[in-house]
Amino acid sequence: MENLKIRVINTSGNPLPEYATASSAGMDIRAMLGEPVVLMPGQRTLVPTGLKVEIPDGYEMQLRPRSGLALRSGITLVNTPGTIDADYRGEIGVILINLSQEPFTINPGERICQAVVAPVVHIEWEEASDLTESERGAGGFGHSGTK
């Protein structure tokens, strides 16, 4: 496993994100709030984190939902995964949405999402008039049946 140093400014008063276990892919990100915020059913909001990062070129940071929040409370990210590009230097904000039928309270310091850092590959398009055949072909949604 590769270790990568990322410079961070933390104005949140919360601990820095950390891995829960040695094999965790993501680090929990916490809400920087002065007081609790109630998210009504169907409502979305931008939650500040107080974190600014300097991601090295060739990498991105993805923000993803926390599975426990999604399962128990219906709280997820609108734009999942949210991408933090290497050249972004502003505060990380998390767009949460309440997909449940009940109000949900976001408390100061609450773990609201997880961050995963991943390499980025840039491509060059090569225009073609046909593509190499594959076993799947053009089979799309549901093409493999319900076995």
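Side chains included, hydrogens not; waters and symmetry mates left out as well; all remaining heavy atoms used. Count residues from 1 along the sequence.
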Common cluster, L77/M27, ILVMFWY with side-chain heavy-atom separation under 4.5 Å: no
By the salt bridge (Lys or Arg N to Asp or Glu O under 4.0 Å) test, which pairs, at least two apart or in different chains, include something from residues 95-118? D28-R111
Distance in Å, C113 SG paired with R30 CZ, rounded so as to fall on 0.5 Å steps: 11.5 Å
Heavy atoms of P65 and T80 approach each other most closely as CD-OG1, 3.0 Å
Side-chain donor/acceptor of S12 to backbone N/O of M32, under 3.5 Å: no
Taking R44 for its side chain and I97 for its backbone only, find out whether a donor-acceptor pair lies under 3.5 Å. no
So which heavy atom on Q114 is nearest to which on G26, and how close? OE1-CA, 3.8 Å
Of the non-hydrogen atoms in I112 and L96, which two are nearest, and what is the gap between them? O-CD2, 3.8 Å
Where at least one partner belongs to residues 3-16, residue pairs that pass salt bridge (Lys or Arg N to Asp or Glu O under 4.0 Å), sequence neighbours excluded: R7-E54
Give the other cluster members for V116, using side-chain heavy-atom distances under 4.5 Å between Ile, Leu, Val, Met, Phe, Trp and Tyr residues; answer none if it is isolated. none
In short, P48 meets L33 closest at the heavy-atom pair CD-CD2, 4.1 Å
Drop me the distance from S100's OG to L39's CG, to the nearest 0.5 angstrom. 8.5 Å
Please name the pair of heavy atoms, one in A86 and one in P56, separated by the smallest distance, quoted to 0.1 Å. CB-O, 3.6 Å
How close do N98 and F104 get, counting heavy atoms only, and between which atoms? ND2-N, 3.6 Å
Please determine whether residues Y59 and L16 belong to a single hydrophobic cluster, defined as Ile, Leu, Val, Met, Phe, Trp and Tyr linked transitively by side-chain heavy-atom distances below 4.5 Å. yes
Starting at CD1 of I95, measure out to OG1 of T76 and round the result to the nearest 0.5 Å. 11.5 Å
In this structure, CD1 of I55 is separated from OG1 of T83 (nearest 0.5 Å) by 9.5 Å
Honestly curious: do Y88 and L46 fall in one hydrophobic cluster under the side-chain, below-4.5 Å linking rule? no
Is N14 reaching over with its side chain to a backbone N or O of A31, donor-acceptor style, under 3.5 angstrom? yes
Evaluate whether atom CZ of R72 has more than 12 neighbouring non-hydrogen atoms of other residues, nucleotides or ligands under 6.0 angstrom away. no
Side-chain donor or acceptor of E91 paired with backbone N/O of G50 under 3.5 Å: yes
For I84, the option from L51, V117, I92 that meets side-chain contact (heavy atoms from CB on, under 4.5 Å): I92
How far apart are the C-alpha atoms of I106 and I75, what are their side-chain angles, what is the distance that settles it, and do they pass the side-chain contact (heavy atoms from CB on, under 4.5 Å) test? CA-CA 10 Å; I106 308 166; I75 304 301; over 6 Å; no
Please answer: with hydrophobic residues joined when any side-chain heavy atoms are less than 4.5 Å apart, are V53 and Y19 in the same cluster? no
